[in-house]
Amino acid sequence: MKKIQAIRGMNDLLPDNIAAWQYLEKTVTETLARFGYREIRFPIMEQTHLFKRSIGEVTDIVEKEMYTFDDRSGESVTLRPEGTASCVRACEQHGLLYNQTQRLWYMGPMFRYERPQKGRYRQFHQIGIETYGLDGPDIDAELLLLSHSLFKALKLDDCVTLEINSLGSDVARASFREALVSYLSEHQEALDEDSLRRLGSNPLRILDSKVAATQALLDGGPSLLDFLDDESKTHFDTLKQLLDAVGVPYRVNPRLVRGLDYYGRTAFEWVTDKLGAQSAVCAGGRYDNLVEQLGGKPTPAVGFAMGLERLVLLLQAQEVVPAEAEKPLDVYLAAVGEVQVSALTLAQFLREALPNLRLMMHCGAGSFKSQLKKADKSGAAVALILGENEAANDCVVVKYLREDKPQQSLARTELAAVLADYCPPR
RNA sequence: GUGGCUGUAGCUCAGUCGGUAGAGCCCUGGAUUGUGAUUCCAGUGGUCGCGGGUUCGAUCCCCGUCAGCCACCCCA
């Protein structure tokens with residue numbers, strides 16, 4: 001019989017790995033709350049055409065990476081490959097963009113059918129941040145300040161760097177594209193195979209090619225920054241001034257482009273060199289046309305997404321997950337002999353008396369010795385010993401597992417006061 | 001979709017020039033009738049990823065397939 005296993009590229013997160021995830025989620029969501037951003041949740045599936053219309057029909061995501069299938073009524077549905085399109089749809093559907101601004105975030109799984117590799121999986125997780133109704137460079141700056149704060153809170157700010165660029169208006173970008181295609185077409189013999197293919201499909205993506213010869217060729221070509229329209233240029237210049245003023249370090253990368261069609265003007269990426277070939281841990285930009293494109297009123301928008309698997313890998317590589325994120329036990333209650341009623345009663349009495357207390361009770365068979373072994377392995381600071389003698393005398397033995405201190409036999413009424421020292425506020 | 005490397009116990013791995021397997025860790029029990037971490041002893045645990053081929057015989061050689069890792073493409 002064939003072994004049942006998880007679908008390729010879809011991972012189980014086992015208990016030993018959960019601490020890093022919870023630490024990441026908690027740190028990020030607390031920071032978002034400090035900036036006044038509110039959570040929004042939407043389904044992980046949408047009608048297929050939502051993604052086709054927003055991400056772009058000819059992008060790789062739509063052409064070959066979506067989990068798309070017909071539901072039982074014959075409608076084509078798709079597991080979301082990213083969150084922005086769904087977020088816009090949800091806001092638009094519920095009138096959240098009508099004469100008002102929004103600062104929102106969401107968190108959850110995304111799905112792309114790709115070959116798994118380090119930091120890239122078929123089911124992966126993102127935290128997305130989106131703002132609507134704000135078109136100035138101040139909100140761009142706030143988002144970058146927010147992302148910088150996130151990295152500082154996670155103690156990852158020394159291993160990521162911010163790259164920014166402006167993609168200009170649609171018109172500016174179109175004329176740059178034309179110039180780029182014309183320049184590269186004259187030098188086709190110097191282009192690598194992938195770039196040659198992109199020349200026809202998505203020429204801007206040639207800019208961030210990894211091929212050295214292609215990068216060298218681009219040195220002699222047109223630069224996006226020279227094609228910026230005045231409005232985008234002013235917007236970008238102001239953004240840089242704001243970042244300087246608040247002390248967010250950045251590097252202008254004129255070859256930074258985005259893979260999804262809906263981006264224009266401000267584009268940015270936080271990158272690291274600590275994750276192999278996957279350098280981007282956080283990326284986003286402005287998408288002022290998307291709301292209108294999906295049938296809403298013209299609404300400026302800017303946002304970004306962070307890849308949680310990549311951030312967890314970074315956290316683990318940098319060893320910055322604090323020990324308390326592991327949430328160790330405070331107390332392990334060893335129950336030896338026929339004392340189930342007494343043990344359950346005691347355990348619940350203590351949990352109610354000390355709401356912060358983390359207490360696990362031994363269940364099932366187990367010799368005295370093996371129960372103490374388990375108490376030790378559990379990481380608990382204290383073992384409580386409840387045997388038939390104790391149950392008969394209405395007392396409990398407190399044994400200290402992590403400090404040199406003699407064990408003591410206490411009446412149940414004295415226990416809570418003693419254990420209070422072993423359950424710090426969390 | 002393409003390429004490279006790798007699949008042996010729950011985990012990390014060794015091994016067999018082709019004669020159906022071993023260590024460490026983990027787990028369980030004991031040395032110590034009710035006292036953990038260090039010791040010492042013993043035990044449980046494997047259809048050697050799966051399918052086919054060659055062979056008297058395959059975990060080992062060959063082919064296919066699936067999975068993992070890494071890279072390309074693409075992307076967070």
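Numbered from 1 within each chain, the chains take letters A, B, ... in sequence-line order. Treat the numbers as computed from the prediction; the structure is a model and nothing was measured.
- Side-chain contact annotation: A/Q316 with A/N17, donor-acceptor N/O pair under 3.5 Å present.
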(request) Go through the steps for A/R89 and A/E46 under the test salt bridge (Lys or Arg N to Asp or Glu O under 4.0 Å), then give the verdict. (result) CA-CA 9 Å; A/R89 194 232 82 226; A/E46 297 278 352; 2.4 Å; yes
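- Judged purely by distance below 3.5 Å, without hydrogens or angles, the side chains of A/S342 and A/R412 pair a donor atom with an acceptor atom.
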(request) Carefully, step by step, assess A/R197 and A/E193 under the rule salt bridge (Lys or Arg N to Asp or Glu O under 4.0 Å). (result) CA-CA 6 Å; A/R197 176 175 49 76; A/E193 196 179 326; over 6 Å; no
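- Base pairing annotation: B/A58 forms no Watson-Crick or G-U wobble pair, as no partner gives both donor-acceptor distances under 3.5 Å.
- For B/U54 and B/G1, the P atoms lie 31 Å apart once the distance is rounded to whole Å.
- Whole-Å rounding puts the A/K374 NZ to B/U35 C1' distance at 16 Å.
- For B/U35, its base never sits under 3.5 Å from the side chain of A/Q371 at any donor and acceptor pair.
- Judged by atom type and distance alone, A/E390 reaches the base of B/G34 through a side-chain donor-acceptor pair under 3.5 Å.
- Spacing between B/U59 and B/A14 at atom C1', rounded to whole Å, works out to 13 Å.
- For the residue pair A/Y37/A/E142, the side-chain donor-acceptor check at 3.5 Å is satisfied.
- Pair assignment for B/G64 gives B/C50, based on Watson-Crick or G-U wobble hydrogen-bonding distances that are each under 3.5 Å.
- For the P atoms, the distance from B/A58 to B/C48 is 12 Å, rounded to whole Å.
- Per the geometry, CZ belonging to A/F304 stands 12 Å off C1' belonging to B/A76, to the nearest Å.
- Put simply, the side chain of A/R310 and the base of B/C75 share a donor and an acceptor less than 3.5 Å apart.
- Relative to the six-membered ring of A/Y263, A/R286 misses at least one condition, a distance below 6.0 Å or an angle of at most 45° to the axis.
- Rounded to whole Å, the distance from CG on A/D194 to P on B/C73 is 6 Å.
- Following rounding to the nearest Å, A/D60 (CG) and B/U2 (P) show an atom-to-atom distance of 15 Å.
- Only the P atoms considered, B/C61 is 11 Å distant from B/U16, to the nearest whole Å.
- For the P atoms, the distance linking B/U28 with B/U44 amounts to 16 Å, nearest Å.
- Place A/G366 and A/Y113 on RNA chain B by their nearest nucleotides, and A/Y113 ends up nearer the 5' end.
- At B/A31, none of the side-chain N or O atoms of A/K369 fall inside 4.0 Å of OP1 or OP2 (strictly under the cut-off).
- Nucleic acid contact class of A/R122 (heavy atoms, under 4.0 Å, all strands): none.
- Heavy atoms of A/V336 sit nowhere under 4.0 angstrom from any nucleic acid atom.
- Remark: C1' of B/A76 and CG of A/L260 are 10 Å apart, rounded to the nearest angstrom.
- Atom-to-atom, CD of A/E388 to P of B/U33 comes out at 17 Å; the value is rounded to the nearest Å.
- As judged by a 4.0 angstrom heavy-atom cut-off over every strand, A/R115 is placed among the base-contacting residues.
- Spacing between B/G53 and B/G18 at atom C1', rounded to whole Å, works out to 15 Å.
- The side chain of A/K118 contributes no N or O atom lying less than 4.0 Å from OP1 or OP2 of B/C69.
- Side chain of A/K377, nearest nucleotide from B/A37, B/C26, B/U35: B/C26.
- Across B/A21 and B/C63, the matching C1' atoms stand 25 Å from one another, rounded to whole Å.
- Between A/R205 and B/C73 there is no side-chain polar atom (N or O) within less than 4.0 angstrom of OP1 or OP2.
- Computed from coordinates, the A/L384 CG to B/U35 C1' distance equals 14 Å when rounded to whole Å.
- Across the strands present, B/A9 finds no partner; the criterion is a Watson-Crick or G-U wobble pair with both atom distances under 3.5 angstrom.
- Side-chain contact, A/W270 with A/S147: a donor N or O sits under 3.5 Å from an acceptor N or O.
- Backbone-only engagement by A/G9 is indicated by non-hydrogen atom pairs under 4.0 Å involving sugar-phosphate atoms exclusively.
- Donor-acceptor pairing under 3.5 Å, judged by distance alone, is absent between the side chain of A/R8 and the base of B/C66.
- Residue contacts for A/T59: at a heavy-atom cut-off of 4.0 Å it reaches no nucleic acid atom on any strand shown.
- Within 4.0 Å (heavy atoms only), A/G119 reaches at least one base atom of the nucleic acid.
- When distances are taken from the side chain of A/I385 to each of B/G34, B/C69, B/C74, the shortest belongs to B/G34.
- Within 4.0 Å of A/L311, counting heavy atoms only, lies no atom of the nucleic acid at all.
- Heavy atoms of A/A375 sit nowhere under 4.0 angstrom from any nucleic acid atom.
- Rounded to whole Å, the separation between the P atoms of B/G10 and B/C50 comes to 13 Å.
- Here the C1' atom of nucleotide B/C75 and the CZ atom of A/F268 are 16 Å apart, to the nearest Å.
- One finds no side-chain N or O of A/Q278 lying less than 4.0 angstrom from the OP1 or OP2 phosphate oxygen of B/A76.
- A/E82 comes within contact range of no nucleotide atom at all, as no heavy-atom separation falls under 4.0 Å.
- At the phosphate of B/A71, OP1 or OP2 sits under 4.0 Å from a side-chain N or O atom of A/Q117.
- Partner assigned to B/G1 is B/C72, using Watson-Crick or G-U wobble distances below 3.5 angstrom.
- The base-pairing partner of B/C27, taking Watson-Crick or G-U wobble contacts with both distances under 3.5 Å, is B/G43.
- Relative orientation of the A/F176 and A/F227 rings is perpendicular, given thresholds of 30° and 60° on the angle between their planes.
- In the model, A/Y287 has a side-chain atom that pairs as donor or acceptor with a side-chain atom of A/E130 under 3.5 Å.
- Look at A/K399 and you won't find any side-chain N or O under 4.0 angstrom from OP1 or OP2 of B/A37.
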